[in-house]
Amino acid sequence: MDTKQITVTSPLLPDLDEFNSMLKEIWNSKWITNNGQFHKQLETELCKYLKVPYISIFTNGTLPLLTALQALRITGEVITTPYSFVATTHSLWWNGIKPVFVDIEESTCGIDPDRIEAAITPRTTAIMPVHCYGKPCNTKRIQEIADKYGLKVIYDAAHAFGVEVNRESILNAGDISTLSFHATKVYNTIEGGAMVIHDEMTKKRIDFLKNFGFADETTVVAPGINGKVDEMRAAYGLLNLRHVDAAIAARKRVATIYREELRNVLGVRFFDDMPGVRHNYSYFPIFIKAEEFGMTRDELYFKMKEQNVLGRRYFYPLISEFSTYRGLPSATPENLPVATRIANEVICLPMHHELSDNDIERILNCIKR
Ligand SMILES: *Cc1c(COP(=O)(O)O)cnc(C)c1O
């Protein structure tokens, strides 16, 4: 047995010498945090790369979710998806907002727009969808519903770095979109995140909120938080931005091989590219139909583990199954039949820019054998 462990992801790392020379600049300037030069430069370059008007970077991807809800003064109930990373729902809970779970679509694993209206009550103030695996939600339908009922839309776009539909950034949908730049994501600043904003006023407000609410030396305009990014991570982020296109291309190559090799394997479903979409290949989920495949998802998952191939069951368990949320009226499997089924079928295969042909073969052999 090949013992080299194949992990589900591997971080994109900048060139150490290049990073070192930027660190020297920081040391010389003695300006190490608080909207420094690299911080400003990273926001400018991210706007350009992502084709968005305004961006505010944060120390992680959870803070922009928390801060977006504060900035838009969201209260009451928010409609969201149970099929995501827990931070999505936690951000509501930390703001004293009641999450209302709505089922997902099998075709995207995103919130099912057809089920949103039935979940709206007089207390509903917003919708928080997730572009799960970087697959774009039906943003047009979601916006129509939001407009009809006067709701805000905050997209958790943690998976959707660089994703475009018909050459327009998916991050421009809704009122605000948030990103995560965690080490496990397509683009990382070790820990990090960002908020995508559409107008200058809101950008200003967000920048105050991420700096304790300070508008100037003596004026605090709101109960803000500390979400500021230091110069080391901003420098790291600037370097990684130069290599992210190559990383996405390498991921696309892996996805292409996976699809070719798994196309005729009975009981294995996966996603194809969507027409007009620039994908980022952040994840490669497969969905196991136990009867046809001859093995359950968990049996395959543990068999892969035995071979030192570490897939991940994203997203199992559902957020609605965790103890905090289990008691909510919307958290029942009856209300969430698709999400409940998919959570028991999914394995995300290893997916990153450094997978070799030999790695890919080992991964596929676990499934095909
Ligand atoms: C990673 C992730 C987050 C949280 O980001 P952090 O940077 O780890 O705080 C939020 N939502 C989703 C869907 C994620 O995958």
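We count ligands from 1, going down the list as the structure has it; atoms in each ligand are counted the same way.
Where the criterion is an N or O separation shorter than 3.5 Å, residue side chain and backbone included, G61 meets it with respect to ligand 1. At least one N or O atom of H159, backbone or side chain, sits closer than 3.5 Å to an N or O atom of ligand 1. Ligand 1 has no N or O atom lying under 3.5 Å from any N or O atom of H182, backbone or side chain. Between S180 and ligand 1, a contact under 3.5 Å exists for at least one N or O pair. Geometrically, ligand 1 and K185 share a nitrogen or oxygen pair separated by less than 3.5 Å.
Each of the atoms 7 (O) of ligand 1 lies under 4.0 Å from some heavy atom of G192. Set against the non-hydrogen atoms of D156, the atoms of ligand 1 under 4.0 Å away are 10 (C), 11 (N), 12 (C), 13 (C).
H90 and Y325 have tilted rings, their planes meeting at an angle from 30° to 60° on a 0 to 90° scale. Relative orientation of the H159 and F315 rings is parallel, given thresholds of 30° and 60° on the angle between their planes.
Given atom 12 (C) of ligand 1, the protein heavy atom at minimum distance is A158 CB, 3.4 Å. Protein heavy atom in closest approach to atom 3 (C) of ligand 1: F85 CD2, 3.7 Å.
Checked by atom type, the side-chain pair Y187/N280 shows no donor-acceptor distance below 3.5 Å. Looking at K228 and N34, their side chains do bring a donor and an acceptor atom within 3.5 Å of each other.
In this structure, S84 counts as a contact residue of ligand 1, since one of its heavy atoms falls inside 4.0 Å of the ligand. Using a non-hydrogen distance threshold of 4.0 Å, C132 does not register as a contact of ligand 1.
Under 4.0 Å is where a charged nitrogen must lie from a carboxylate oxygen, and between E106 and R341 at least one such pair does.
Contact annotation for T62 and ligand 1: heavy atoms of both the backbone and the side chain come within less than 4.0 Å of the ligand.
Side-chain contact between F181 and Y236: absent, with no pair of heavy atoms (C-beta onward) separated by less than 4.5 Å.
Between F161 and Y49, the ring centre distance stays below 6.0 Å.
The CG atom of N365 sits 12.0 Å away from the CD1 atom of I360 when rounded to the nearest 0.5 Å.
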